[in-house]
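Encoded as structure tokens, the structure appears first; notes follow it.
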Amino acid sequence: MRSARVAQVRQLTPRRRRVVLRTDTPEDVRTGPYADTDAYVRLLLAPGSVTYPEPFDLDHVKATLPGESWPRMRSYTIRHKNPRTAEITLDFALHDRGGPATGWVRRVRPGDTVFYLQPRGTYRPVAGAAHHLLVGDDTSLSAVAAAAEHLPQGVGATVLLEVDSAHEEQLIDAPERADIIWLHRGAHRAGTLLTDAVRHLHLPTAGLHAFVHGEAHAVREIRGHLLHDRGVPRDRISASGYWRHTPHP
Ligand SMILES: Cc1cc2nc3c(=O)[nH]c(=O)nc-3n(C[C@H](O)[C@H](O)[C@H](O)COP(=O)(O)OP(=O)(O)OC[C@H]3O[C@@H](n4cnc5c(N)ncnc54)[C@H](O)[C@@H]3O)c2cc1C
């Protein structure tokens, strides 16, 4: 388990909050999975109004409190890292359904402590691809933006991002050959604009590498389309659901 102190909290856009953490494990920031563009941490967050005795000890919490009070694990991508200051930046999409992560990021203040599990990552755009397709939503915006900013020089890329509205767009420092397309969700169901847009894209199939992460149903559909309709080999597609849309009760 790792710990970090909150160094900065900033409202980036109407539906996005940025938190900069100064980690107590600076060696992590220099090495390991932080090199992957989709590197993420798993935050341990108290559900509802639960508080834990200090110093925080996960084993003690599990031994003494009922399961419903144990910390919940929520994954957040590292948007930036600074090995000099041992800081990592996480961007939180603010959604209306609430949950431990959304609750935490609305209340968090500089100086607060947060606990998390060792970072993980699995992807970085490879140099040998003929074209990169990067697809995401508000939750995978950090991973898609980081991938776009680390595209090998001279390779074409199509970047598709679905966000709530034009206010949620952000500057992505991608090479000139990357075509960045923003889709504004408005009243559409999450992910539907993305699936439609991917189906209508003109893409080279030979040498295509794809990174598709976001709402689980949309990711499954896009992955299936790339595999079965476009013949993209399985090992050239990185795809996973970052969250799942559930109908309002
Ligand atoms: C590897 C990985 C990296 C991720 N990186 C990021 C990141 O950098 N930034 C980020 O914002 N998210 C990221 N996510 C997604 C984030 O972990 C989830 O959205 C998480 O469920 C939010 O937790 P919560 O406690 O707010 O809500 P939960 O308690 O998990 O869910 C409560 C309710 O909210 C709904 N819900 C959850 N997320 C959303 C959403 N985005 N929009 C609408 N409804 C939602 C759920 O369906 C549920 O009904 C990542 C996920 C993974 C797996």
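Whatever order the structure lists ligands and atoms in, that order sets their numbers, starting from 1. Each residue takes its place number in the sequence, starting with 1.
Remark: His209 NE2 to Leu133 CG distance equals 12.0 Å, nearest 0.5 Å.
Judged by distance alone, the side chains of Arg5 and Thr113 do bring a donor and an acceptor atom under 3.5 Å apart. No hydrogens or angles considered: nothing links the side chains of Thr158 and Asp179 as a donor-acceptor pair under 3.5 Å.
The nearest protein atom to atom 19 (O) of ligand 1, hydrogens excluded, is given as Trp243 CB, 3.7 Å; this is a heavy-atom distance. In this structure, the protein non-hydrogen atom closest to atom 18 (C) of ligand 1 is Tyr242 O, 3.8 Å. For atom 4 (C) of ligand 1, the closest non-hydrogen atom of the protein is Ser75 O, 3.3 Å. At the shortest separation from atom 31 (O) of ligand 1 among protein heavy atoms lies Gly98 O, 3.9 Å. Scanning the protein heavy atoms around atom 22 (C) of ligand 1, the nearest turns out to be Tyr76 OH, 3.4 Å. Ranking protein heavy atoms by distance to atom 41 (N) of ligand 1, first place goes to Thr139 CG2, 3.2 Å.
Considering backbone and side-chain atoms together, Gly241 places no N or O closer than 3.5 Å to any N or O of ligand 1. Between Asp91 and ligand 1, at least one N/O pair is under 3.5 Å apart. For a threshold of 3.5 Å applied to N or O pairs, the pair formed by Ala101 and ligand 1 contains at least one separation below that value.
Note: His213 and Phe211 have tilted aromatic rings, judged against thresholds of 30 and 60 degrees for the angle between ring planes.
Here atom 20 (C) of ligand 1 lies nearest to Arg74 when heavy atoms of His95, Arg120, Arg244, Arg74 are compared. Nearest residue to atom 3 (C) of ligand 1 from Asp164, Thr77, Val105, Asp38 is Thr77 (criterion: closest heavy atom).
Neither the backbone nor the side chain of Leu45 has any atom closer than 4.0 Å to an atom of ligand 1 (non-hydrogen atoms only).
Annotation for ligand 1: atoms under 4.0 Å from non-hydrogen atoms of Ala93 are 10 (C), 11 (O). With ligand atoms numbered from 1 in the order given, ligand 1 contributes 47 (O), 49 (O) to contacts under 4.0 Å with heavy atoms of Thr246. Of all the atoms in ligand 1, the ones that sit under 4.0 Å from a non-hydrogen atom of Thr102 are 24 (P), 26 (O). Short contacts between ligand 1 and Phe92, defined as distances under 4.0 Å to a heavy atom of the residue, involve ligand atoms 11 (O).
You'll find the ring centres of Tyr40 and Tyr76 outside the 6.0 Å limit.
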side-chain hydrogen bond (donor to acceptor under 3.5 Å, both in side chains) between His167 and Glu169, worked out
CA-CA 6 Å; His167 299 296; Glu169 293 185 13; over 6 Å; no

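Here the options are Arg2, Lys81, Arg22, the test is salt bridge (charged side-chain N to carboxylate O under 4.0 Å, His left out), and the partner is Asp28; only Arg2 passes. Looking at Arg74, Arg72, Met73 one by one, the single match for side-chain contact (heavy atoms from CB on, under 4.5 Å) with Arg42 turns out to be Met73.
Comment: Arg185 engages Asp164 in a salt bridge, judged by a side-chain N to carboxylate O separation of less than 4.0 angstrom. The residues Asp36 and Arg120 are annotated as not salt-bridged, no charged nitrogen and carboxylate oxygen being separated by less than 4.0 angstrom.
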